[in-house]
Protein chains: 2
Amino acid sequence: MFENGHLAKKYKIKKCECPSGKMMRFVEPCLLFFISQHVSYGYELMAKLDRFGFPKANPDPAMVYRTLRYLEKEGFVLSRWDTKGAGPAKRIYELTQKGLGLLHLWAQSIATRKKVLGKFLALYDERFKDKKK
Amino acid sequence: MFENGHLAKKYKIKKCECPSGKMMRFVEPCLLFFISQHVSYGYELMAKLDRFGFPKANPDPAMVYRTLRYLEKEGFVLSRWDTKGAGPAKRIYELTQKGLGLLHLWAQSIATRKKVLGKFLALYDERFKDKKK
DNA sequence: GTACACTATATGTATATCTCACATATATGA
DNA sequence: TCATATATGTGAGATATACATATAGTGTAC
């Protein structure tokens, strides 16, 4: 649903036309980054994703697990099973050199994107500076 | 293809794993913003999109025209045919109040996303500050 | 007078990505 | 034993993007 209910109400936008503002495949760099900090596994990584704007309440396991398997298939991460700890077995992921490279690529890509958003907001603010309450 | 060919080369990422960093449905706010500046039409709007990172060389008409028709269907813009000028008839679009509202919603959403990207980059820079050449 | 480039709008389809719902299994405590 | 928390996954459908193609008016160079 809307993040800004009052604006939606003001302009009579009833249906959720949801300007999501989400970035495509953004889980990927997030997972790579977390793994670069410390080896980890799906369930743990999933819980960390709210730091980057993913919904804390009900995170979606589908994207996380599928992305992790994809990253391993392509050689960006390696996994091994951990059956030592309590509870069900965990699939522990660690970053490869190639995965580190992909993270660096993502970082540059994200920096570029941030600049574009900054430009949009600058022009937007300039255009509507008088109309602000 | 890659925006950063040298990094891709360095880490031997051959296939285009393309971290696109693109935001979902980003054409929509761009079109709304341009129309908010001045009434316009598809072909002209398409040419302006490179200001927000869309490829200048071969822009994709499909997204532009389909988004414009969607925006009109939902009442965010109005259109009329302009047969006066030279060349084929243009479909001129103008913003409605509802469309202005959607633009404001988008702006807030984009500001939020920019913050998230900033946080990612801050943590990334902190993590890899020593490794920078 | 016609071939070509430029302007202008639009659709068709394949692929990529996301969302939602569901399925499975292990350990732990009531 | 039954609910709950942990843990990993898949399937189907919806949505978004990418790439290709279709149609047509206008100006101009030959």
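The figures here come from the full heavy-atom set of this structure, side chains too, leaving out hydrogens, waters and symmetry mates. A note on names: the letters A, B, ... follow the listed sequences, proteins ahead of strands, and every chain is numbered from 1.
Atom CG of Leu45(B) and atom P of dA8(C) are 11 Å apart (whole Å). Atom P of nucleotide dA5(D) and atom OH of Tyr43(A) are separated by 9 Å, given to the nearest angstrom. Rounded to an integer number of Å, the gap from NZ of Lys48(B) to P of dA8(C) is 13 Å. Rounded to a whole Å, the CZ atom of Arg25(B) is 17 Å from the P atom of dA14(D). To the nearest angstrom, P of dA8(C) lies 15 Å from CZ of Arg80(B). Summarising the geometry, the separation between CE on Met46(A) and C1' on dT8(D) is reported as 9 Å, rounded to the nearest angstrom. Following rounding to the nearest Å, Leu49(B) (CG) and dA18(D) (C1') show an atom-to-atom distance of 15 Å. Spacing between atom NZ of Lys90(A) and atom C1' of dA25(C) amounts to 14 Å, rounded to whole angstrom units.
A 4.5 Å side-chain heavy-atom check between Tyr65(B) and Tyr43(B) finds at least one atom pair inside the cut-off.
Positionally, the nearest nucleotide of DNA chain C for Met24(A) lies more toward the 5' end than for the other of Met24(A) and Thr83(A).
At dT19(C), one or more side-chain N or O atoms of Lys22(A) fall inside 4.0 Å of OP1 or OP2 (strictly under the cut-off). Regarding contacts with the backbone of dT8(D), every side-chain N or O of Tyr41(A) stays at 4.0 angstrom or more from both OP1 and OP2.
A search for salt bridge (charged side-chain N to carboxylate O under 4.0 Å, His left out) contacts involving Lys73(B) returns nothing, not counting sequence neighbours. With sequence neighbours excluded, the residues forming a salt bridge (charged side-chain N to carboxylate O under 4.0 Å, His left out) with Asp50(B) are Lys56(B), listed by chain and number. Looking at residues two or more places apart in sequence or on another chain, you find a salt bridge (charged side-chain N to carboxylate O under 4.0 Å, His left out) between Glu94(A) and Arg80(A).
Counting Ile, Leu, Val, Met, Phe, Trp and Tyr side chains that sit under 4.5 Å apart, directly or through other members, Leu78(A) stands alone, with no cluster partners.
Classification of the Tyr124(A)-Phe33(B) ring pair by plane angle, with boundaries at 30° and 60°, yields tilted. Using a 30° and 60° split on the angle between ring planes, Phe120(B) and Phe52(A) fall in the tilted class, from 30° to 60°.
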Can you pull every protein N or O that's under 3.5 Å from an N or O on nucleotides 10-14 of chain C?
unit_1, atom_1, unit_2, atom_2, d
dA10(C), OP1, Arg69(B), NH1, 3.0
dA10(C), OP1, Arg91(B), NE, 3.0
dA10(C), OP1, Arg91(B), NH2, 2.7
dG12(C), N7, Arg66(B), NH1, 3.4
dG12(C), O6, Arg66(B), NH2, 2.5
dT13(C), O4, Arg66(B), NH2, 3.4

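Side-chain polar atoms of Glu72(B) and Ser79(B) form a donor-acceptor pair below 3.5 angstrom.
For the pair Arg113(A) and Phe26(A), the cation-pi test (distance below 6.0 Å, angle within 45°) is failed.
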Tell me, for nucleotides 25-30 of chain D in 5' to 3' order, what letter each nucleotide earns: B for a base near a protein heavy atom under 4.0 Å, S for only sugar-phosphate near one, - for neither?
BS----
